[in-house]
Each structure stands twice: as structure tokens, then as C-alpha cells.
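Data block below; observations after.
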Amino acid sequence: MWLLWKRAYETTRAAVIADMTAASGLSESELSVLVCLHESGGVLRQNAIAAALGWDRTRLSHLLTRMEKRDYVARGKVANGVEVTLRPTGQRTIDASVPALEASTRRHLLDRLAPGDATALKEIVERLLSGDSR
């Protein structure tokens, strides 16, 4: 089961990332940060991004430095941390990328599932992420 899960995840992920890199010029890491900020309304604490993506703070900090240079994000000190804000360039980039991301996800994942499978898969993944053993 582990090998099947791993192969399905890696194959699907690689196909979606290849599509997204070609369509947007973003790396997988940049795309992940922009999607995270986009889904949060454009502002998140740096530690919340790291937690959401399962990354260590050093990796994220280095990436955010590069993303600031490209004007995708801005960072500012706030009480007890750092706040990351999606800049207009980053917003335009993610807005332009979302349709390609949705189409790629549909092509490489959702279209391969039978009716009802997407809902079941979503419930299973959410249960796995919550730690609920049912």
C-alpha cells in the first residue's frame, strides 16, 4: 500500500509541477508559498506558512528572500514574528497561475477518478492529516 500511495502521489505531483513550471515560470516552492498566501487572503505570519507547508523556518526564510527580490512578497516585523504579504506582482502571478493549476490538477488527478472518488479521496486525506483514526 505504501509503495502504491507513494508512486501515485509522486507521479501526479511531478506532472502537475511540470505543467505549472512551464505555464508560470514558478518553482514548486514559489508556487506553494503563493498558493498558501492566496488562500489565506494575502497575509500570513511566516511561521504559519512554514507550518502549513511542513517546512523548516530556514528553508522558508531563504525562499522568501528570493521571492522578495522578485517582488512577489514583502515581509515585515510584527509582534512576536514576521508577517508575509502578497505583493501585486505576486498576486498577478498567482491569479494567472490558478487556471493552469486547476486544469493540471483536473487532468492528472480528478479526471482519472470515478464519480464520487474525489469526495472520498478528500475525506480520506483530511482524516489522515487530522490524525483521526476513526
### Query
Are Leu129 and Met1 joined in one hydrophobic group, where the rule is that I, L, V, M, F, W and Y side chains link up if heavy atoms are under 4.5 Å apart?
no
Do Val98 and Leu26 belong together in a cluster built from hydrophobic side chains that touch within less than 4.5 Å?
-> yes
Between Arg59 and Asp56, does a side chain to side chain contact (heavy atoms under 4.5 Å, CB included) hold up when you go through it step by step?
CA-CA 6 Å; Arg59 175 186 181 191; Asp56 67 63; 3.5 Å; yes
Here the gap from Leu63 atom CG to Thr58 atom OG1, rounded to the nearest 0.5 Å, amounts to 12.5 Å
Q.
If the threshold is 4.0 Å, N to carboxylate O, is there a salt bridge linking Glu123 and Arg127?
A. no
Just wondering, do Arg13 and Glu28 contact through their side chains at under 4.5 Å, heavy atoms?
-> yes
Between Leu128 and Trp5, the two heavy atoms sitting closest are CD1-CH2, 4.2 Å
Between the CE atom in Met67 and the OG1 atom in Thr93, the distance rounded to the nearest 0.5 Å is 8.5 Å
Of all heavy-atom pairs linking Ser104 and Val16, the shortest is OG-CA, 3.3 Å
Is the count of non-hydrogen atoms from other residues, nucleotides or ligands lying under 6.0 Å from Asp111 atom CG greater than 12? yes
Margin query: Do Ile49 and Leu53 make a side-chain contact, defined as non-hydrogen atoms from C-beta onward lying under 4.5 Å apart?
Written below: yes
- Could you walk me through whether Ser61 and Arg75 pass the side chain to side chain contact (heavy atoms under 4.5 Å, CB included) test, one step at a time? CA-CA 10 Å; Ser61 182; Arg75 285 186 285 187; 3.4 Å; yes
Output for pair (Tyr72 OH, Arg92 CZ), nearest 0.5 Å, gives 10.5 Å
Salt bridge (charged side-chain N to carboxylate O under 4.0 Å, His left out) with Glu30: of Arg70, Lys69, Arg66, only one passes, and it is Arg70
Before giving the answer on side chain to side chain contact (heavy atoms under 4.5 Å, CB included), spell out for Cys36 and Leu44 the whole-Å C-alpha distance, their side-chain angles and the decisive distance to 0.1 Å. CA-CA 9 Å; Cys36 193; Leu44 271 177; 3.7 Å; yes
Of all heavy-atom pairs linking His108 and Thr12, the shortest is O-CG2, 3.8 Å
Shortest non-hydrogen pair, Ser97 vs Met20, comes out as O-CE, 3.5 Å
Does Ser40 reach the main-chain N or O of Leu37 with its side chain, forming a donor-acceptor pair under 3.5 Å?
yes
Separation between CG (Leu101) and NE2 (His38), nearest 0.5 Å, reads 9.5 Å
**OP:** Indicate yes or no: at least one non-hydrogen side-chain atom of Val78 is less than 4.5 angstrom from one of Arg45.
**Re:** yes
* **Leu109 side chain reached by Leu121 side chain, heavy atoms, under 4.5 Å** => yes
Output for pair (Leu34 CG, Gln91 CD), nearest 0.5 Å, gives 9.0 Å
Value for OG1 (Thr89) from CD1 (Ile94), rounded to nearest 0.5 Å, stands at 13.5 Å
Nearest heavy-atom contact between Trp55 and Ser29 is CH2-O, 3.6 Å
Consider only side-chain heavy atoms of I, L, V, M, F, W and Y, link residues closer than 4.5 Å, and tell whether Leu110 and Tyr9 are in one cluster. no
Taken in chain and number order and not counting sequence neighbours, the residues that satisfy side-chain hydrogen bond (donor to acceptor under 3.5 Å, both in side chains) with Arg106 are none
Q: Could you tell me whether the side chain of Leu64 reaches within less than 4.5 Å of the side chain of Val33, counting heavy atoms only?
A: yes
Under 3.5 Å, is there a donor-acceptor pair between the side chain of Asp117 and the main chain of Ala114?
-> yes
Worksheet entry | Pairwise side-chain contact, Gln46 with Leu60, heavy-atom cut-off 4.5 Å (strictly under) | yes
